[in-house]
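Below is one structure, written out as structure tokens; the observations come after it.
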2 protein chains.
Amino acid sequence: MEGFELDDRKKRILKAVIDEYIETREPVGSRTISKLPDMGYSPATIRNEMADLEDMGYLTQPHTSAGRIPSDKGYRFYVDKLIKFEEKLGFEPTAKELGDVKASVQREIGEMTDQIRVASELISRLTEYTSIAVTGTAGGTRRIKALQIVPVEPGKALSVIVLDDDAVLNSVIQHDSSIGPEMLMKVSTHCNLLFAGHRVEEINMDMIDSVSEATGVARTALMPVVDGLFECIKKAENTEIHTEGAVKLLSHPEFSDVGKAKGILELINREDLMVDLIKECSTSDGLVIRIGSENKIEGLNECSVVTATYSVNGVNLGSIGVLGPTRMDYPRVIAALEYVRKRLVGGELPGGNALPEGELPGGAAVRNEGVLGAE
Amino acid sequence: MEGFELDDRKKRILKAVIDEYIETREPVGSRTISKLPDMGYSPATIRNEMADLEDMGYLTQPHTSAGRIPSDKGYRFYVDKLIKFEEKLGFEPTAKELGDVKASVQREIGEMTDQIRVASELISRLTEYTSIAVTGTAGGTRRIKALQIVPVEPGKALSVIVLDDDAVLNSVIQHDSSIGPEMLMKVSTHCNLLFAGHRVEEINMDMIDSVSEATGVARTALMPVVDGLFECIKKAENTEIHTEGAVKLLSHPEFSDVGKAKGILELINREDLMVDLIKECSTSDGLVIRIGSENKIEGLNECSVVTATYSVNGVNLGSIGVLGPTRMDYPRVIAALEYVRKRLVGGELPGGNALPEGELPGGAAVRNEGVLGAE
DNA sequence: TGTTAGCACTCTTCGCCGTCGAGTGCTAAC
DNA sequence: GTTAGCACTCGACGGCGAAGAGTGCTAACA
């Protein structure tokens with residue numbers, strides 16, 4: 001909108017200011033920037049440029065005689081156009097940590113969600129921010145692999161379902177006690193035969209009728225069993241959420257006010273809100289960044305959330321969101337999320353393996369889905 | 001040790017000081033106590049008594065010209081001798097909340113630990129402190145109720161075990177793929193027959209041999225299956241921990257320093273430490289109170305922990321600990337824990353239903369297991 | 001025309017200091 | 001044994017001035 005974007009020098013200065021501010025959390029003055037190697041302008045020049053950037057809304061001033069700090073719009077421009085996609089982790093993340101991740105991917109049947117949780121822990125450790133993992137966005141894409149009804153006591157049984165991503169679900173069935181254990185086993189076998197390989201929503205009354213016919217159990221008597229199965233499956237659709245490193249937020253000076261910190265931590269504990277927050281971004285593969293006021297949740301206005309959605313072979317594993325102060329080390333967070341993607345999913349980024357080159361230094365592989373797009 | 005305990009007036013004053021301090025968190029002065037209804041002494045008298053109490057170690061002074069605050073020893077005397085056991089909840093805890101607790105006790109097969117978790121949530125809500133629930137102290141007392149091996153794919157199966165407290169466990173079995181699904185079912189049936197009703201540690205090689213014999217599966221081929229079962233059972237013994245309302249600590253002014261708050265919250269997240277902390281007290285039925293420096297965990301010196309262990313029909317369900325600042329509303333916490341016990345376990349306190357009468361006003365039903373006993 | 005040096009100005013931070021008030025300990029009177 | 005009175009202590013609070021960082025503007029410079 002304003003002219004043709006920013007000229008090169010303004011970009012360099014803006015990037016320098018934000019980098020500096022992310023590192024120090026101090027409002028940054030013209031002198032600091034001027035003394036940076038490769039800058040080569042006097043404080044006065046920088047001052048003029050900074051005043052311009054402030055007019056354009058990329059920077060703000062806490063008070064008249066302080067340095068500048070980035071605005072949400074400034075951060076947005078920064079993540080969209082200024083940061084290189086670079087391995088900014090600084091170290092090869094302790095091989096065995098990654099080992100954990102890989103191992104839990106392939107290891108065994110069990111809660112498939114484990115791997116996302118482990119990845120989330122790793123990411124929190126790598127970034128020193130809070131990491132929120134949400135699984136169960138799979139919706140109706142998963143298929144039933146095996147199914148078994150286990151008699152427990154008269155009138156009570158347990159349904160166990162294994163899905164094609166190896167998630168194991170179980171749920172209790174309260175059934176007509178006229179159905180004996182042997183009969184239940186028969187029902188179990190037939191259901192297994194019929195349902196295996198199907199998606200949950202494909203199960204219909206015809207199939208149930210067919211089970212009724214084959215086993216000789218009346219449909220009415222069969223219904224509680226089927227209901228039990230459905231309940232079990234419904235459970236499967238329930239999203240699970242796992243939060244890692246919430247306390248780490250307290251390390252950051254922006255939350256040195258206990259009241260503020262408490263507010264944020266309480267929000268983080270609100271599972272419904274967090275699920276919405278993370279899921280909202282999981283429609284698209286790749287990274288989504290929400291900066292400050294771009295977050296719809298009031299009270300998260302001083303926070304940023306970076307979300308990545310992971311899927312393997314088209315099966316959605318879940319999403320991981322990193323939550324930190326607006327003054328977040330975005331390059332590091334992005335690097336961490338992508339690093340885990342590479343190791344977890346197998347090296348293929350959704351849009352191809354190489355990242356698209358952006359402008360200026362290297363361009364970020366970041367989809368701009370924020371509310372405040374570049375204008 | 002010092003003379004014969006405290007005389008009646010000193011007790012009244014000490015109780016008044018601690019009550020007041022718990023309520024206001026301000027050092028309490030002689031004037032405040034003097035003006036209390038039913039006190040009937042001038043500030044000067046109170047002052048003398050308070051000076052005595054300070055000499056005896058029950059009170060301390062933050063600085064010369066401030067009021068008195070209780071020492072750990074003061075709190076210890078308070079919980080041991082001064083507080084009445086009274087329903088200090090202030091309200092009938094929202095019937096439906098308790099409904100939840102009761103319902104989850106009887107309702108259904110599922111993780112037995114659910115009920116302790118629900119109770120823990122309730123307690124945290126009632127007390128406004130952090131509540132930590134630890135389950136799995138059951139050790140070897142549980143029996144196998146039903147057992148089933150579910151074939152999943154060649155070489156892979158899932159073992160599902162239901163224990164007599166209705167806990168459901170499952171674990172993956174990697175077995176010799178020469179054992180087909182039908183054979184597995186046969187093994188499953190025989191294992192179920194043999195193991196049901198037994199305690200885990202009662203399973204021995206003879207039983208396994210007998211299964212091998214009955215099914216015709218070689219013992220060597222059977223071993224992976226049995227190992228899988230054992231692993232599943234081992235899982236059962238693992239303690240689970242659930243923390244509720246950790247953020248609530250931030251509401252209390254003693255944690256208004258972020259650094260301090262962070263330290264405590266990090267400790268709370270250390271599951272190993274918390275399990276030890278809670279379990280350590282769970283040897284005895286009833287309540288155990290740890291005040292300030294009585295806690296062995298450094299960093300919890302300004303906190304108190306009140307722990308209750310719950311068991312029904314001799315089966316240990318688990319323990320719930322309430323963690324808060326030393327300046328904790330002990331009567332309320334005790335009342336909450338006992339209230340839940342009554343509703344959860346069925347009204348019987350371990351030592352009989354009526355609480356033993358202590359001295360002074362009503363005597364507390366609290367076991368003194370603290371490090372600093374009354375001297 | 002773009003860049004820079006210089007300068008006056010603004011605004012926050014920090015330490016200093018005196019006042020205020022709550023609370024104490026001690027003594028003497030009741 | 002209890003209480004009134006009083007001098008004393010010590011932290012909390014607010015005003016004040018110095019220090020320092022950073023700005024915006026103007027004028028000089030290449």
Side-chain angles (χ1 to χ4, degrees), chain A residues 3 6-14 16-21 23-71 74 253-254 256-257, chain B residues 3 6-14 16-21 23-71 74 253-254 256-257:
Chain A
L6 301 174
D7 64 43
D8 215 63
R9 191 169 72 183
K10 281 200 172 57
K11 282 179 189 167
R12 281 181 62 202
I13 292 174
L14 180 56
V17 169
I18 299 184
D19 280 339
E20 192 69 22
Y21 183 70
E23 195 176 334
T24 64
R25 219 225 151 191
E26 302 288 307
V28 10
S30 52
R31 220 180 108 82
T32 315
I33 299 299
S34 165
K35 280 203 286 194
L36 246 40
D38 303 330
M39 189 47 75
Y41 294 103
S42 74
T45 308
I46 308 288
R47 271 205 292 281
N48 288 330
E49 295 289 39
M50 279 164 79
D52 286 353
L53 285 167
E54 185 175 355
D55 288 343
M56 292 186 237
Y58 294 103
L59 298 176
T60 53
Q61 237 177 339
H63 61 255
T64 330
S65 75
R68 302 308 208 290
I69 65 176
S71 66
E254 21 272 289
S256 61
D257 175 62
Chain B
L6 300 175
D7 64 42
D8 216 62
R9 190 168 73 181
K10 280 199 174 53
K11 283 178 188 167
R12 280 181 63 201
I13 292 175
L14 180 57
V17 169
I18 300 184
D19 280 340
E20 192 70 22
Y21 183 70
E23 195 177 334
T24 64
R25 219 227 150 192
E26 303 287 310
V28 9
S30 53
R31 220 181 108 84
T32 316
I33 300 299
S34 165
K35 280 202 286 195
L36 248 37
D38 302 330
M39 189 47 72
Y41 295 103
S42 75
T45 309
I46 307 288
R47 271 203 293 281
N48 288 330
E49 294 289 38
M50 278 163 82
D52 287 351
L53 286 167
E54 185 175 355
D55 288 343
M56 293 187 234
Y58 294 103
L59 297 177
T60 52
Q61 236 178 337
H63 55 87
T64 329
S65 75
R68 303 306 207 291
I69 65 176
S71 66
E254 21 273 289
S256 60
D257 174 61

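The analysis underlying the following values was restricted to heavy atoms, covering all of them including side chains, and did not include hydrogens, waters or symmetry mates.
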List every contact pair, protein side and nucleotides 14-17 of chain C side both N or O, where the distance is under 3.5 Å.
none

(message) I'd like to know if the side chain of B/S71 reaches the main chain of B/G57, judged simply by a donor and an acceptor atom lying under 3.5 Å from each other, with no hydrogens or angles considered.
(response) yes
Solution key, residues 31-38 of chain A side-chain donor-acceptor pairs under 3.5 Å, sequence neighbours excluded:
{"residue": "A/S34", "atom": "OG", "partner": "A/Y41", "partner atom": "O", "Å": "2.8"}

Sorted by chain and number, sequence neighbours left out, side-chain hydrogen bond (donor to acceptor under 3.5 Å, both in side chains) with A/S42 holds for A/T45
By side chain to side chain contact (heavy atoms under 4.5 Å, CB included), A/T64 pairs with (sequence neighbours left out) none
Every protein N/O lying under 3.5 Å from an N/O of nucleotides 22-30 of chain D:
{"residue": "D/dG22", "atom": "O4'", "partner": "A/S65", "partner atom": "O", "Å": "3.4"}
{"residue": "D/dT23", "atom": "OP1", "partner": "A/S30", "partner atom": "N", "Å": "3.4"}
{"residue": "D/dT23", "atom": "OP2", "partner": "A/S30", "partner atom": "N", "Å": "3.3"}
{"residue": "D/dT23", "atom": "OP2", "partner": "A/S30", "partner atom": "OG", "Å": "2.7"}
{"residue": "D/dG24", "atom": "OP1", "partner": "A/R68", "partner atom": "NH2", "Å": "3.1"}
{"residue": "D/dG24", "atom": "N7", "partner": "A/R47", "partner atom": "NE", "Å": "3.1"}
{"residue": "D/dG24", "atom": "O6", "partner": "A/R47", "partner atom": "NH2", "Å": "3.2"}

With sequence neighbours left out, the residues meeting side-chain hydrogen bond (donor to acceptor under 3.5 Å, both in side chains) with B/E254 are B/R327
Salt bridge (charged side-chain N to carboxylate O under 4.0 Å, His left out) filter on B/D257, not counting sequence neighbours, yields none
For A/S65, the side chain to side chain contact (heavy atoms under 4.5 Å, CB included) test, sequence neighbours excluded, returns A/H63
Residue set satisfying salt bridge (charged side-chain N to carboxylate O under 4.0 Å, His left out) with A/E20, at least two apart, ordered chain then number -> none
For A/E54, the side chain to side chain contact (heavy atoms under 4.5 Å, CB included) test, sequence neighbours excluded, returns A/Q61, A/R68
Taken in chain and number order and not counting sequence neighbours, the residues that satisfy side-chain hydrogen bond (donor to acceptor under 3.5 Å, both in side chains) with A/N48 are none
When pairs are called at under 3.5 Å and a stem needs at least three consecutive Watson-Crick or G-U pairs, the stems of DNA chain C are C:1-30 with D:1-30
Between OH of B/Y21 and P of C/dG23 the distance, given in whole Å, is 14 Å
